[in-house]
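What follows is a set of notes on a single structure, which appears directly below.
All values derive from a computational prediction rather than experimental measurement. All chains are named by letter (A, B, ...) in the order of the sequence lines, taking the proteins before the strands, and each is independently numbered beginning at 1.
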Amino acid sequence: MPALNTVVFSSDFEPGSQPLNAAKVRWFRRRLKTWGQQNFRDFPWRRTCDPYAILVAEFLLQKTTAATVAPIYQEFVGRYPTLSDLAAAPAEEVASLLQPLGLFFRAQKLRESVLVILENYQGNVPRTEAQLLELPGVGKYIARSVCANAFGQPKAVLDTNVARILQRFFGIDGGKVKSRSSELWEAAERVAPKQQVGPWNLGMLDFGAAVCTARNPRCGECPLQQQCEYKISSEINSRLIAELS
DNA sequence: AAGGCGGGGTC
DNA sequence: GACCCAGCCTT
């Protein structure tokens, strides 16, 4: 007998149903866009258009809760207001400021990236995904997030929140969330709107942090509940449990 | 595909 | 006390 608290059949739906059919995608997009506009979280890095300040935020936010990052980020950009200021700072001082956030390699990578930008791009954060990807410590998520948030480019992102939402709502397997499969990246791009992708991305992150959480998701107050595969599978699971007991 | 990194918040 | 967090890099 399976454990009672696990969801059975989460990726075992009828073969005929297409997970990402157009109507469902449009419904998802409309609902989530509305939710995002009404629940926008106000973080300091969301108030700036400075690509340098946004890049700093991306480094600090890796695998780290946004609320935890906020005060450290304020102190950091206060100390190093410009990219040149950070480039001139002693590595040890930078590391000390970021110590409370863990993942200590980030301080070094961030400083290395800043030096590369100073050397190769005259101190201006590069504007293309390919160029950003070459920076040390910058992967696909950060590259695309900078493109969207700092330069207004239509680049959808896939992070742990987006992956979880897509897997649940559309019933996408995609392997473990950690793997960041190409299937999930394609889904992330597919559901994103054509315009205002930066705000859209932020809405997805906020939704994952507030409603579609990893543990104890708030399905009761979820605007997507009607068409969510996760809810459906949970019901199947509940019935199964009822029958077995 | 899997493991490591990490302090801090949450349940 | 276990789990998770705006990922990335190395085997």
Ring of W200(A), cation from K33(A) - is the NZ or CZ under 6.0 Å from the centre and inside 45° of the axis? no

Interatomic distance, [X] [atom1] vs [N] [atom2] [rounded to whole Å]:
X: K140(A); N: dG7(C); atom1: NZ; atom2: C1'; result: 14 Å
X: R106(A); N: dG8(B); atom1: CZ; atom2: P; result: 12 Å
X: L61(A); N: dC5(B); atom1: CG; atom2: C1'; result: 17 Å
X: D159(A); N: dA6(C); atom1: CG; atom2: C1'; result: 5 Å
X: K155(A); N: dA6(C); atom1: NZ; atom2: P; result: 23 Å
X: L101(A); N: dG8(B); atom1: CG; atom2: C1'; result: 9 Å
X: Y73(A); N: dA6(C); atom1: OH; atom2: C1'; result: 13 Å
X: Q99(A); N: dG7(B); atom1: CD; atom2: C1'; result: 7 Å

May I ask you to verify if any side-chain N or O of T160(A) is less than 4.0 angstrom from the OP1 or OP2 atom of dC5(C)?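 Result: yes.
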
When you measure from the side-chain N and O atoms of R164(A) to the phosphate of dC5(C), is any distance below 4.0 Å, counting only OP1 and OP2?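 So the side chain of R164(A) is within the cut-off, an N or O lying under 4.0 Å from OP1 or OP2 of dC5(C).
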
Dot-bracket for DNA chain C, please, read 5' to 3', with Watson-Crick or G-U wobble pairs under 3.5 Å on both distances, ( ) within the strand, [ ] crossing, | other strand, . unpaired. |||||.|||||

How close do C147(A) and L132(A) get, heavy atom to heavy atom, and via which atoms? SG-CD1, 3.7 Å

Answer with base, sugar-phosphate or nothing: what part of the nucleic acid does [X] contact at a heavy-atom distance below 4.0 Å?
X: V138(A); result: sugar-phosphate
X: N201(A); result: nothing
X: L60(A); result: nothing
X: F104(A); result: sugar-phosphate
X: R41(A); result: base

Assess, by modelled atom type and distance only, whether the side chains of E93(A) and Y80(A) contain a donor and an acceptor separated by less than 3.5 Å.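 On atom types as modelled, these side chains qualify, holding a pair under 3.5 Å.
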
Less than 3.5 Å apart, any donor N or O on the side chain of T34(A) or R29(A) sitting next to an acceptor on the other? no

Is any NZ, NE, NH1 or NH2 atom of the basic residue among [X] and [Y] found under 4.0 Å from an Asp or Glu carboxylate oxygen of the other?
X: E129(A); Y: K155(A); result: yes
X: E58(A); Y: R144(A); result: no
X: R111(A); Y: E92(A); result: no
X: D159(A); Y: K140(A); result: no

Using heavy-atom distances to pick each residue's nearest nucleotide on DNA chain C, tell me which of K109(A) and T64(A) is more 5'.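 The answer here is T64(A).
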
Rounded distance in Å between the [atom1] positions of [N] and [M]:
N: dA6(C); M: dT10(B); atom1: P; value: 12 Å
N: dA2(C); M: dG6(B); atom1: C1'; value: 15 Å
N: dC4(C); M: dC5(B); atom1: C1'; value: 14 Å
N: dG4(B); M: dC5(C); atom1: C1'; value: 16 Å

So F169(A) and F28(A), would you call those rings parallel, tilted or perpendicular, with 30° and 60° as cut-offs?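 It falls in the tilted class, 30° to 60°.
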
Given [options], identify the nucleotide with an atom nearest to the side chain of [X].
X: N161(A); options: dC4(C), dG7(C), dA6(C); answer: dA6(C)
X: I142(A); options: dG7(B), dG7(C), dA6(C); answer: dG7(C)
X: F105(A); options: dG7(B), dC5(B), dA6(C); answer: dC5(B)
X: N216(A); options: dG8(B), dC11(B), dA6(C); answer: dC11(B)
X: Q62(A); options: dG6(B), dC11(B), dG7(C); answer: dG7(C)

Could you tell me whether the side chain of R46(A) has a donor or acceptor atom within less than 3.5 Å of a complementary atom in the base of dA6(C)? yes

Tell me whether the side-chain N or O atoms of R215(A) pair up with the base of dC11(B) as donor and acceptor below 3.5 Å, since no angle test is needed here. no

Map L103(A) and T68(A) onto DNA chain B by nearest heavy atom, then report which one ends up closer to the 5' terminus. L103(A)

